[in-house]
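Accompanying notes for the structure given below.
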Amino acid sequence: MPAPADRLTALHEGILDWFAAHARDLPWRDPDCPPWGVLVSEIMLQQTPVVRVLPRWRAWLERWPTPADLAAAPTADVLTAWDRLGYPRRALRLQEAARAIVERHGGEVPADPAALRALPGIGEYTAAAVSSFAFGIPETVVDTNVRRVLARALRGEALPGRTLTRAEMAAAHAAMPEGADRANAWNAAVMELGALVCTARSPACDRCPVREVCAWVAAGSPPPEERPRGQAWAGTDRHVRGAVMAAVREHGRVPAAQVRDAVVATGRLGAHRPEDAQWERCVAGLLTDGLLVRHDDGALAFPG
DNA sequence: AACTCGGGGCC
DNA sequence: GGCCCAGAGTT
């Protein structure tokens with residue numbers, strides 16, 4: 001196994017060359033894609049796989065090609081267009097961000113990571129990603145793919161820890177190659193390697209360009225440690241909230257007396273039948289979150 | 001640091 | 001059925 005500095009050099013060459021040959025042809029990577037398209041893609045890709053984002057992203061950019069277009073749209077249209085991408089509050093934040101871009105930045109997506117970070121729904125990852133991918137500013141981009149690739153290649157760990165630490169960010173920054181162009185390519189390349197080869201469950205090490213210098217492979221590819229159970233799904237508030245949103249998407253407006261029947265009729269609840277308290281908690285939460293409004297007659301609908 | 005917040009496809 | 005996915009915001 002090489003010394004750390006040599007390993008880093010080998011990783012740079014191996015991953016950058018691999019990316020040049022194997023990168024997916026994603027529309028938001030097109031040099032002609034405007035920063036707005038990159039921003040929309042990053043929001044949609046938060047916790048949602050590429051294959052599900054692609055069709056929604058195309059329709060979105062065609063319908064709202066600039067921040068000003070989205071800022072002026074009825075929020076109900078925005079939520080409907082979000083469709084089933086999940087976490088619909090992201091759609092609200094994206095429209096709020098578009099309005100802030102119009103008000104604070106003259107309608108142009110800002111390049112500065114701090115200005116991006118100040119927009120609704122944009123955290124440390126997304127701010128860095130937009131700066132790097134849309135504007136060529138070599139910020140340190142660390143998503144779940146980057147965390148996993150670096151955990152394996154540099155530290156020999158099967159999977160990264162539960163939360164991103166400052167030490168991990170510093171290590172990711174230190175691992176970047178010199179030069180803005182190479183650093184920006186590196187950001188995309190490590191993510192792509194994690195998405196296509198160095199995957200969470202069944203990494204394709206036989207196709208990996210850097211298996212010779214990977215600390216995890218060198219250690220014999222030890223299995224990950226037991227991790228605490230993730231959130232359950234069936235019957236949770238998230239499940240019920242999603243079904244309520246689906247009912248409103250399908251009908252546009254759901255009379256108060258028909259809410260439960262309409263939601264059950266979506267088929268999304270399976271066999272689960274919420275208790276009164278859960279119905280009320282979920283609808284109240286959606287109203288509080290601004291994802292629904294209640295009309296004077298009690299009917300539920302999307303806002304605006 | 002731990003929690004909530006969708007949804008679908010795959011093992 | 002559990003697990004994972006280009007995370008963010010709140011507590």
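Naming convention: chains lettered A, B, ... in sequence-line order (proteins, then strands); numbering from 1 in each chain.
Taking a 4.0 Å limit (strictly below) on heavy-atom distances, residues 234-245 of chain A does not reach DNA chain C anywhere.
For A:Trp64 (side chain) and A:Ala73 (main-chain N/O), no donor-acceptor pair under 3.5 Å exists by modelled atom type. Formation of a donor-acceptor pair under 3.5 Å by the A:Trp82 side chain with backbone atoms of A:Gly86 is found in this model.
Of the two residues contacting DNA chain B, namely A:Thr163 and A:Ala246, the nearest-nucleotide position lying further toward the 5' end is that of A:Thr163.
A:Leu54 and A:Tyr87 fall into different hydrophobic clusters, where Ile, Leu, Val, Met, Phe, Trp and Tyr are joined by side-chain heavy atoms under 4.5 Å apart, directly or via other members.
Judged by distance alone, the side chains of A:Gln278 and A:His272 do bring a donor and an acceptor atom under 3.5 Å apart.
C:dC5 and B:dC5: their C1' atoms are spaced 14 Å apart (whole Å). For the P atoms, the distance linking B:dG6 with C:dT10 amounts to 15 Å, nearest Å. Across C:dA6 and B:dC10, the matching P atoms stand 14 Å from one another, rounded to whole Å.
Distance CG (A:Leu159) to P (C:dC3): 12 Å, rounded to an integer number of Å. Put simply, CG on A:Leu291 is 18 Å from P on B:dT4, counting in whole angstrom units. We find that CH2 of A:Trp233 is positioned 17 Å from P of C:dC4, with the value rounded to whole Å. The separation between A:Asp289 atom CG and B:dT4 atom C1' is 10 Å, rounded to whole Å. Distance, A:Trp82 CH2 to B:dG7 P: 12 Å, rounded to whole Å. One interatomic measurement links the two molecules: CD1 of A:Ile43 to P of B:dG6, which rounds to 16 Å at whole-angstrom precision. Straight-line distance from the CD atom of A:Glu225 to the P atom of C:dC3: 15 Å, rounded to whole Å. Summarising the geometry, the separation between CZ on A:Arg147 and C1' on C:dC4 is reported as 14 Å, rounded to the nearest angstrom.
Of the residues A:Arg147, A:Arg148, A:Arg162, the one that meets the salt bridge (charged side-chain N to carboxylate O under 4.0 Å, His left out) test with A:Glu168 is A:Arg147. When A:Leu79, A:Thr75, A:Asp77 are each tested for a side chain to side chain contact (heavy atoms under 4.5 Å, CB included) with A:Gln95, only one passes: A:Thr75.
Applying the 4.0 Å criterion to OP1 and OP2 of B:dG8, one finds that A:Arg268 has a side-chain N or O inside that range. Phosphate contact (OP1/OP2 of B:dA2, side-chain N/O of A:Arg162, threshold under 4.0 Å): absent.
The residues A:Glu192 and A:Arg24 are annotated as salt-bridged, a charged nitrogen and a carboxylate oxygen being separated by less than 4.0 angstrom. In summary, A:Arg182 and A:Glu13 engage in a salt bridge, as defined by a charged side-chain N under 4.0 Å from a carboxylate O.
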Next item on the list: Using a 4.0 Å cut-off on protein heavy atoms (strictly under), produce a 5'-to-3' string for nucleotides 5-11 of chain C with B for base contact, S for backbone-only sugar-phosphate contact, and - for none.
Entry: BBBSS--
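The base of B:dC11 is not paired with the side chain of A:Arg201 by any donor and acceptor separated by under 3.5 Å.
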Next item on the list: Carefully, step by step, assess A:Leu39 and A:Ile122 under the rule side-chain contact (heavy atoms from CB on, under 4.5 Å).
Entry: CA-CA 9 Å; A:Leu39 173 53; A:Ile122 297 190; 3.4 Å; yes
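Rounded to the nearest 0.5 Å, atoms CG (A:Leu291) and CG (A:Leu92) are 4.5 Å apart.
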